[in-house]
Amino acid sequence: EGNINGITKFKLFIPSSRNGSSEVIVSLLMKEMGYLSPRTKMINLILNDKTFEMIFQEKAVKEMLENNKLRESAIIETDESLMWKIRSSNGTSSNSNIFPRVVNKKWIKRNLINQRIGLEASNLFSKAILESWNHGGNDKEIAFSDLLLSNGDIKSRRILSRYKAHLMSTESNHALNNHNRRFYYDPISKSLLPIY
């Protein structure tokens with residue numbers, strides 16, 4: 001029912017799971033470069049009279065969009081449930097077992113326009129997933145096509161390409177794995193924009 005600095009939905013990470021404080025630095029760097037990036041900081045968490053250093057990171061939800069001065073639209077990510085189910089049962093799976101999922105379910109249920117926007121975003125993301133698997137070659141696990149994600153919009157394509165280059169330069173390649181990607185659907189350009 002409450003919030004922390006206006007953030008109502010957040011995640012707590014053990015620093016070693018996110019390469020320590022570099023997660024905070026890269027998150028801030030991405031925001032400064034103009035990308036959608038959740039507010040992230042190091043905090044001290046007191047649990048059972050013990051203090052733990054943790055990474056506090058807001059979830060990609062309405063508040064994050066508002067903080068970035070964006071209208072609420074579809075936030076889309078990969079549904080990895082089938083991928084992990086297959087991996088846990090036989091030890092192998094691939095990104096061919098991922099599907100699009102709209103994260104903000106309450107928003108999409110509000111009206112028919114939101115449902116149409118969510119469907120457009122899901123269709124666009126589905127094409128990128130399918131194309132990456134069919135034509136990705138050795139890099140198919142990180143091979144979403146910027147052309148498909150941008151839906152041909154030149155400005156969006158530049159943003160997506162620069163985003164990849166910036167993540168690679170900060171050695172944040174894990175954020176480029178197909179099953180780790182999240183996007184904001186811009187209904188004006190009809191393209192998917194990356195969320196760090």
Side-chain angles (χ1 to χ4, degrees), residues 23 25-40 57-80 95-96 98-108 110-137 139-196:
E23 175 72 12
I25 295 166
V26 172
S27 172
L28 290 170
L29 181 64
M30 289 294 147
K31 185 166 183 70
E32 283 296 313
M33 295 174 113
Y35 302 111
L36 286 171
S37 183
R39 291 173 278 185
T40 306
Q57 187 172 74
E58 80 178 312
K59 288 186 175 184
V61 293
K62 179 182 179 181
E63 287 119 0
M64 189 192 83
L65 296 178
E66 289 171 350
N67 186 54
N68 285 279
K69 297 174 180 47
L70 290 171
R71 290 186 92 166
E72 196 171 6
S73 181
I75 298 172
I76 195 157
E77 67 181 11
T78 56
D79 180 348
E80 310 168 295
N95 283 343
S96 64
I98 60 175
F99 303 93
R101 172 177 62 193
V102 176
V103 175
N104 43 346
K105 292 177 176 72
K106 287 182 183 176
W107 170 83
I108 204 167
R110 261 190 234 145
N111 58 53
L112 289 174
I113 293 171
N114 291 2
Q115 290 172 16
R116 182 184 52 80
I117 290 170
L119 186 58
E120 285 175 3
S122 295
N123 284 338
L124 185 57
F125 196 37
S126 291
K127 289 177 189 175
I129 291 170
L130 182 61
E131 193 269 346
S132 74
W133 188 250
N134 289 330
H135 304 290
D139 293 327
K140 60 186 159 200
E141 305 294 326
I142 59 167
F144 284 150
S145 163
D146 292 342
L147 179 62
L148 282 174
L149 294 171
S150 68
N151 204 18
D153 181 70
I154 294 169
K155 183 180 175 188
S156 299
R157 187 173 181 187
R158 283 189 192 126
I159 291 169
L160 287 155
S161 296
R162 282 193 334 244
Y163 178 76
K164 272 187 190 172
H166 289 138
L167 283 179
M168 288 177 184
S169 71
T170 60
E171 296 184 6
S172 302
N173 298 344
H174 68 281
L176 290 175
N177 287 338
N178 290 355
H179 68 93
N180 290 335
R181 302 287 302 269
R182 291 179 295 170
F183 300 94
Y184 166 78
Y185 182 70
D186 179 356
I188 305 299
S189 66
K190 297 193 179 298
S191 60
L192 293 168
L193 299 175
I195 298 175
Y196 176 73

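Keep in mind that what you see is a predicted model, and the values were worked out from it rather than measured.
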Indicate the atoms forming the closest heavy-atom contact of [X] with [Y], along with that distance.
X: T78; Y: N178; value: CG2-O, 3.3 Å
X: R71; Y: Y184; value: O-OH, 2.8 Å
X: A128; Y: L149; value: CB-CD2, 3.6 Å
X: S37; Y: N68; value: O-ND2, 4.2 Å
X: S161; Y: D146; value: OG-OD2, 2.9 Å
X: I117; Y: S73; value: CG2-OG, 3.6 Å

Could you tell me whether F144 and F125 have their ring centroids closer than 6.0 angstrom?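 Between F144 and F125, the centre distance is under 6.0 Å.
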Check: Y35 ring centre within less than 6.0 Å of Y196 ring centre: no
With a 3.5 Å distance limit and no angle check, can you tell me whether [X] reaches the backbone of [Y] through a side-chain donor-acceptor pair?
X: S145; Y: L148; answer: yes
X: S172; Y: M168; answer: no
X: D153; Y: S156; answer: yes
X: S169; Y: H166; answer: yes
X: N177; Y: N180; answer: no
X: E58; Y: P38; answer: no

Exceeds 12 heavy-atom contacts within 6.0 angstrom, atom CZ of R110: yes
In Å and rounded to the nearest 0.5 Å, what is the [atom1] to [atom2] distance from [X] to [Y]?
X: R39; Y: K59; atom1: CZ; atom2: NZ; result: 15.0 Å
X: L160; Y: R162; atom1: CG; atom2: CZ; result: 9.5 Å
X: I76; Y: L124; atom1: CD1; atom2: CG; result: 8.0 Å
X: K62; Y: L70; atom1: NZ; atom2: CG; result: 13.5 Å
X: N114; Y: I108; atom1: CG; atom2: CD1; result: 7.5 Å
X: L193; Y: K155; atom1: CG; atom2: NZ; result: 9.0 Å

Determine whether I75 and I195 make a side-chain contact, defined as any pair of heavy atoms from C-beta on separated by less than 4.5 Å. yes
CA sep, side-chain torsions, deciding dist, call: E32, L28, side-chain contact (heavy atoms from CB on, under 4.5 Å): CA-CA 6 Å; E32 283 296 313; L28 290 170; 5.6 Å; no
For S27 and T40, test the side chains for any donor-to-acceptor distance below 3.5 angstrom and give the result as yes or no.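 Looking only at side-chain atoms, T40 and S27 do form a donor-acceptor pair, the distance falling under 3.5 Å.
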Sort and list the pairs that fulfil salt bridge (charged side-chain N to carboxylate O under 4.0 Å, His left out) and have at least one residue in residues 183-196, not counting sequence neighbours. E120-K190
